[in-house]
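Following: one structure in structure tokens, then a few remarks.
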Amino acid sequence: MCPAFTRNRRLPESLGDCRRYQRGSRNSLWRHFRTVGRGPDFPYVETVARRLLQVGRPGGALDLLILYRQQDSKNDRANLMASCLEELLRCDPSNSDFGVLSHADLVEVFSCLEQPSISIERLAKLEWAYLKIFNHHAGPPTLSRYLAQNPSFFVDVISRVYRPRSPQGHEAEEAQAELETSTDEARESIARNAYQLLSGWRILPGTREDGTIDGEALKQWIYEARDLLGTAHRLEVGDIHIGSVLASSPPAPNGIWPCVEVRDVLEVLQSAEVESGLQMRIHNDRGVTMRGMLDGGGQELELAAKYREQSEQLADQWPRTAAVLRGLAGSYEQEARHYEADAERRRKGLET
């Protein structure tokens, strides 16, 4: 006999009706299921998470999985978490579960996803979709590695930010039109995410697990990326971002920066845009400086001396790299003169 449910509901008239009635009742249960207050040793975490996912509550499912994260010592729930994140992207923002997760919660979820069972392509797509959650946290590690491994993805990201440049114009306009199939708001959001990703990218292509650089892999990545950038009519701006990531080079074993593999690339490319991007990244990564009101430009003079000395050491074998380092030295010397002039005015009481 089919049990009675809510008062005033029509009772089922057949076995098929009874089963549908029970399914509807179960769905109603999971739609209103509370994930909190289940005790420290709740044994049905995965079962409940899957039920919540089935009824369109991926946020609640993730909330439960995060709450009982310590139960998952072998990270067996990583695929379930990834499915919840994918479903959350398809949810209406008005979904009651959409706002239950904080940025910190989502970052915690992503920390659980770097498992062999999840492909780098799947995880990279998720990090791309949720890129904004990394604003105030560490950058997206898988997506940064994916950029360093996949030149075509790098060019796609560049194309999301910058319009093409072409003397002919028509072909470039057609290529851009392919990207403009979504709304203006969606394009702007994608462009912001893409620029954020490029700005925070610090993993040099060809980087081995021990931090050293595979020179051939680095060159192959750059050659392929530049070919694709040329086809996409974005070579100049792409070169700037290539130069920017080259600034992440480690020093050589003897302490001279950049490493030999990056020096060789600079000598082969001889690209003003690549070199400009490298210099800009060095300046930008320095960030805000602190100094006394009368200190002048001592900090900048130290940097200028370091880069000028290294430039002299590289001039014979890597002249293009040496010129880049001289340019850095010159820019820091110019900054030092500016700070010295400010400090001198204060010493004379001309400025407070």
pair Val262-Ile213: side-chain heavy atoms closer than 4.5 Å: no

Side-chain H-bond candidate by donor/acceptor type, Ser159 with Asp156, under 3.5 Å: no

Check against side chain to side chain contact (heavy atoms under 4.5 Å, CB included), Trp257 and Gln310: CA-CA 8 Å; Trp257 184 90; Gln310 292 187 348; 4.0 Å; yes

Interatomic distance, Gln334 atom CD to Tyr339 atom OH [nearest 0.5 angstrom]: 12.0 Å

Donor-acceptor under 3.5 Å (Arg234 side chain, Arg165 main chain): no

Ser311 side-chain N/O to Leu325 backbone N/O, donor-acceptor pair under 3.5 Å: no

Derivation of the side chain to side chain contact (heavy atoms under 4.5 Å, CB included) call for Leu101 and Leu88: CA-CA 11 Å; Leu101 300 167; Leu88 195 61; 4.1 Å; yes

Heavy-atom closest contact (Leu204 atom, Val245 atom, distance): CD1-O, 3.3 Å

Flag if over 12 foreign heavy atoms under 6.0 Å of CD, Gln313: yes

Distance in Å, Asp342 CG paired with Arg347 CZ, rounded so as to fall on 0.5 Å steps: 10.5 Å

Donor-acceptor contact present, side-chain Ser199 to main-chain Gln196, <3.5 Å: no

Whether Trp201 and Trp221 hold their rings parallel, tilted or perpendicular, with breakpoints at 30° and 60°: tilted

Derivation and outcome, salt bridge (Lys or Arg N to Asp or Glu O under 4.0 Å), residues Arg337 and Glu340: CA-CA 5 Å; Arg337 288 192 291 271; Glu340 287 292 344; over 6 Å; no

Exceeds 12 heavy-atom contacts within 6.0 angstrom, atom CZ of Arg208: yes

Nearest atoms (heavy-atom pairs only) where Ala247 meets Ile282: CB-CD1, 4.0 Å

Ring-face cation of Arg57 near Phe33 (centre distance under 6.0 Å, axis angle within 45°): no

Value rounded to 0.5 Å, distance of CE in Met81 from CD1 in Ile66: 6.0 Å

Test log, rule salt bridge (Lys or Arg N to Asp or Glu O under 4.0 Å), inputs Arg308 and Glu333: CA-CA 10 Å; Arg308 198 167 289 284; Glu333 287 167 350; 2.9 Å; yes

Check: Ile256 and Arg263 side chains under 4.5 Å, non-hydrogen atoms: yes

Least distance between heavy atoms, Arg281 atom then Leu198 atom: NH2-O, 3.6 Å

Note, Leu106 side chain near Leu85 side chain (heavy atom, < 4.5 Å): yes

Heavy-atom closest pair, residues Ala61 and Ala49: CB-O, 3.5 Å

Side-chain (Ser248) to main-chain (Arg202) donor-acceptor, under 3.5 angstrom: yes

Test item: side-chain donor near acceptor, Arg145 and Asn150, under 3.5 Å: no

Side chain to side chain contact (heavy atoms under 4.5 Å, CB included) assessment of Val274 paired with Val265: CA-CA 10 Å; Val274 169; Val265 164; 5.9 Å; no

Worked check of side chain to side chain contact (heavy atoms under 4.5 Å, CB included) between Asp214 and Glu261: CA-CA 8 Å; Asp214 182 335; Glu261 293 78 8; over 6 Å; no

Pairwise side-chain contact, Thr35 with Leu52, heavy-atom cut-off 4.5 Å (strictly under): yes

Non-hydrogen side-chain atoms of Glu224 and Lys219 separated by less than 4.5 Å: no

Rounded distance [0.5 Å steps], CG in Leu147 versus CD1 in Ile203: 8.5 Å

Non-hydrogen side-chain atoms of Thr142 and Phe110 separated by less than 4.5 Å: no

Centroid-centroid under 6.0 Å between His283 and Tyr332 rings: yes

Basic-acidic side-chain contact under 4.0 Å: Glu312, Arg326: no

Pairing of Glu121 and Lys125 as salt bridge, 4.0 angstrom limit: no

Between CG on residue Asn79 and CZ on residue Arg77, distance to nearest 0.5 Å: 13.5 Å

Exercise: identify the closest heavy-atom pair between Ile158 and Gly238: CD1-CA, 4.3 Å

Trp128-Ile120 co-clustered via ILVMFWY side chain contacts under 4.5 Å: yes

Same cluster (ILVMFWY, side-chain, under 4.5 Å), Ile118 and Leu89: yes

Salt bridge (Lys or Arg N to Asp or Glu O under 4.0 Å) between Glu127 and Arg122, worked out: CA-CA 9 Å; Glu127 286 186 351; Arg122 185 184 187 190; over 6 Å; no

Minimal non-hydrogen separation, Pro58 against Cys84, with atom names: CB-O, 3.4 Å

Min side-chain heavy-atom separation Asp105-Leu62 under 4.5 Å: no

Donor-acceptor contact present, side-chain Asp295 to main-chain Arg291, <3.5 Å: no

Parallel, tilted or perpendicular, as decided by the 30° and 60° cut-offs, for the rings of Tyr162 and Tyr195: perpendicular

Within 6.0 Å of CD in Gln270, more than 12 heavy atoms from elsewhere: yes

Backbone N/O of Met290 and side chain of Gln299: donor-acceptor pair under 3.5 Å: yes

Single-linkage hydrophobic cluster, 4.5 Å side-chain cutoff, Leu197 and Ile240 together: no

Ring geometry between Phe42 and Tyr68 (parallel below 30°, tilted from 30 to 60°, perpendicular above 60°): tilted

Heavy-atom side-chain proximity of Ile242 to Leu229 below 4.5 angstrom: yes

Pairwise distance CG(Leu328) to CG(Leu278) - rounded to 0.5 angstrom: 7.0 Å

Single-linkage hydrophobic cluster, 4.5 Å side-chain cutoff, Tyr44 and Val55 together: yes

Flag for Thr321-Glu267: side-chain donor and acceptor within less than 3.5 Å: yes

Under 3.5 Å: donor-acceptor pair, side chain of Glu87, backbone of Gly56: no

